[in-house]
Amino acid sequence: MGKQKKTRKKEKDRLKPKKKEKKDPSALKEREVPQHPSCLFFQYNTQLGPPYHILVDTNFINFSIKAKLDLVQSMMDCLYAKCIPCITDCVMAEIEKLGQKYRVALRIAKDPRFERLPCTHKGTYADDCLVQRVTQHKCYIVATVDRDLKRRIRKIPGVPIMYISNHRYNIERMPDDYGAPRF
């Protein structure tokens, strides 16, 4: 007998009708609109200015070594201003995973002129880390040669991309007033 009472009570609890809130048609409708940063009010990102903070990707360092380019000096030649290369923990971990073949890249990445940015997220996939950081803070330029990463960053408004072409650094999505002439 006790079991039947318990099951009936459970059924009663389950069958309670949920009260629906009646919407007032005269009430103002509220919508969530994403807040755009004020730095993007003009055509270009106004938060970007010397000294430039440049997020460096793993393959950018490797291709700079292949092209025999000094990272900091070439960045300054490209932008005509002081540049602070920034390396996240994920990029550093990625370079360390590459092993002995890329020990020169690791030595360059540990240069004291480079700023280390700590990562709080789990995993060490550098592309996601860079995209996430740039989406949150639009004060960086992203230096990469990776096509997929470039494609992802182009979708984020106000973030310039630095890349290597013709044995020198070039930059896209940056006002023409800043830096060296584009070729």
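Throughout, numbering of the chain's residues begins at 1 and tracks the sequence.
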Which atom names give the shortest non-hydrogen contact between [X] and [Y], and what distance separates them?
X    : Y    : result
A81  : M76  : O-CG, 3.2 Å
Y140 : V159 : O-CG1, 3.9 Å
P118 : D89  : CA-OD2, 3.2 Å

Check your understanding: With the threshold set at 4.0 Å, does a side-chain nitrogen-carboxylate oxygen contact exist between R152 and D127?
Key ->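 No salt bridge links R152 with D127.
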Check your understanding: Counting N and O atoms only, with roles assigned by atom type, does the side chain of N166 sit under 3.5 Å from a partner on the main chain of R168, one being a donor and the other an acceptor?
Key ->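 No; zero donor-acceptor contacts below 3.5 Å.
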Point to revise | Check: N170 side chain, S165 main-chain N or O, donor-acceptor pair, under 3.5 Å | key: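 No, the answer is negative, given that no donor and acceptor are paired below the 3.5 Å cut-off.
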Taking the side chain as C-beta and beyond, is there a heavy-atom pair between [X] and [Y] under 4.5 Å?
X    : Y    : result
L130 : T88  : yes
V142 : M162 : no
E115 : I87  : no
H121 : D128 : no

Check your understanding: How long is the span from the CD1 atom in I108 to the CD1 atom in I61, to the nearest 0.5 Å?
Key ->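 These two atoms lie 7.0 Å from each other.
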Exercise for review: Verify whether the ring centers belonging to F60 and Y169 lie closer than 6.0 Å.
Suggested key: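 Yes, ring centres under 6.0 Å apart.
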Practice item. Evaluate the criterion salt bridge (charged side-chain N to carboxylate O under 4.0 Å, His left out) for residue pair E172 and K150; output intermediate values, then yes/no. Key: CA-CA 10 Å; E172 66 178 56; K150 276 187 191 176; 5.3 Å; no
Point to revise | Pairs touching residues 95-108 that satisfy side chain to side chain donor-acceptor pair (under 3.5 Å), sequence neighbours left out | key: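 Applying side chain to side chain donor-acceptor pair (under 3.5 Å) to every pair that reaches into residues 95-108, excluding sequence neighbours, yields K97-T124.
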